[in-house]
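Below, chains carry the letters A, B, ... as their sequence lines are ordered, and counting in each starts from 1.
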Amino acid sequence: MKLREIAAPDFDLAMTLNSGQVFHWEKQGHGFLGAIGETPVYVQQDGRTLNFAGLSAKAIVDYFALDHPLDEICATFPKDAAMNSAREFCRGLRIIRQPTWECLATFICSSMKQVAHIRQISAALRRRFGTAKKIVGCNVFTFPAPARLARTSESDLRACALGYRARNLLMTARQVASDVANLQSWNNLSDSDLRKRLCDLPGVGTKVANCVMLFAYERNSAFPIDVWIERVLREQYFTAESRVTAKTLAEFAATYFGAHGGYAQQYLFHYTRMSGQRMREIS
DNA sequence: CTCCAGGGATGAT
DNA sequence: ATCATCCATGGA
């Protein structure tokens, strides 16, 4: 199959796909194999160009958020030492626009799991309950629709290594499939109302809700605080204080990192994980 | 407020 | 080959 091409300045495909925001893309030759919604896609980066197959250039631009004004966004980040390093390290990292349901479902599976596990769970769910599609001679599995997961069982899902998350995913799939939770209609809600609705779903707490808001609802101010980010916040911004509550950290993050705080969070997260700095507390 | 189940990969001994 | 470590949610 012949690849089509599109300009992609200020973009790092590999870093974007490996930064812990999406978990199903797999390295294939020069590029990556995956699905965008129901469509199988192959994409590879050659310098400032993306070569791809499977869907329209418009859909590629939209999914990889190539329309985000990255320079402007990065310019809003605070100019402290940690952010300066992260900004430099993460050049070309974009927060992509993920389909709502697969983002929500995947992050329900992410709780208490590390990136490697989440990738395995995502692959297992797709292989077992998704639809196989062909692209550039390879099989790609789409993420199963809510209705498909709603008619599985907890033990079916446990077989995909979900553990106790199986029940949460099943219950949420049923709410979404039956329209008790209409994810599409939540687009119109304010940030805080959207967060409340998401947190009502089984297996969704503040952290997962913020991930879904940031990665699927384009709420760039949503600031997920996981253990990595919490470590950074405590060590970079609260060095002197000994007792800092989660609430304090969340309130600080919400104001300090600005209108694109979620983007800043993603840069800090990826930079911290990649630079391998493990700061152990001696207490 | 604190404590802890939960489970599979990954890194250390 | 065992042992410790990583991790978010939800309920006690």
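For the pair A:Ile118 CD1 and C:dT9 P, the computed distance is 12 Å after rounding to whole Å. Summarising the geometry, the separation between CZ on A:Arg165 and P on B:dA5 is reported as 15 Å, rounded to the nearest angstrom. At whole-Å resolution of the value, CD in A:Glu154 and P in B:dG7 are 10 Å apart. Between the C1' atom of B:dG8 and the CG atom of A:Leu162 lies a distance of 12 Å, rounded to the nearest Å. Taking atom OH of residue A:Tyr164 and atom C1' of nucleotide B:dC4, one finds them 11 Å apart after rounding to whole Å. Remark: P of C:dC7 and CG of A:Asp226 are 7 Å apart, rounded to the nearest angstrom. At whole-Å resolution of the value, NZ in A:Lys113 and C1' in B:dA5 are 13 Å apart. The separation between A:Phe269 atom CZ and C:dC7 atom P is 8 Å, rounded to whole Å.
Of all nucleotides present, only B:dT2 satisfies the Watson-Crick or G-U wobble test against C:dA12, with each distance under 3.5 Å. Base pairing of C:dC3 is made with B:dG11, judged by Watson-Crick or G-U wobble geometry with both donor-acceptor distances under 3.5 Å.
Cation-pi geometry between A:Lys133 and A:Phe141 is not satisfied (NZ or CZ under 6.0 Å from the ring centre, within 45° of the ring normal).
Contacts of A:Asn168 with the nucleic acid, taken as non-hydrogen atoms under 4.0 Å apart, are absent. As judged by a 4.0 angstrom heavy-atom cut-off over every strand, A:Ser110 is placed among residues making no nucleic acid contact.
Comparing C:dT9, B:dG7, C:dC7 by their nearest atom to the side chain of A:Lys207 picks out C:dT9. Checking C:dT9, B:dG7, B:dG8 against the side-chain heavy atoms of A:Gln114 singles out B:dG8 as nearest. When distances run from any side-chain atom of A:Arg158 to the nucleotides B:dG7, C:dT9, C:dC7, the shortest one goes to B:dG7.
For the residue pair A:Asn210 / A:Arg195, a side-chain donor-acceptor distance below 3.5 Å is found, with atom types taken as modelled. A side-chain N or O of A:Gln266 and one of A:Ser19 form a donor-acceptor pair less than 3.5 Å apart.
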- Candidate pair A:Arg97 and A:Asp67, rule salt bridge (Lys or Arg N to Asp or Glu O under 4.0 Å), full reasoning: CA-CA 11 Å; A:Arg97 295 189 178 96; A:Asp67 55 318; 2.9 Å; yes

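Where A:Met112 and A:His117 each meet DNA chain B at their nearest nucleotide, the meeting point lying more 5' is that of A:Met112.
OP1 or OP2 of B:dA9 sits under 4.0 Å from a side-chain N or O of A:Gln120. A sub-4.0 Å separation between OP1 or OP2 of C:dC6 and a side-chain N or O of A:Trp228 is absent. Phosphate contact (OP1/OP2 of C:dC6, side-chain N/O of A:Arg231, threshold under 4.0 Å): absent.
Taking the charged nitrogens against the carboxylate oxygens, A:Glu235 and A:Arg231 have no contact shorter than 4.0 Å, which rules out a salt bridge.
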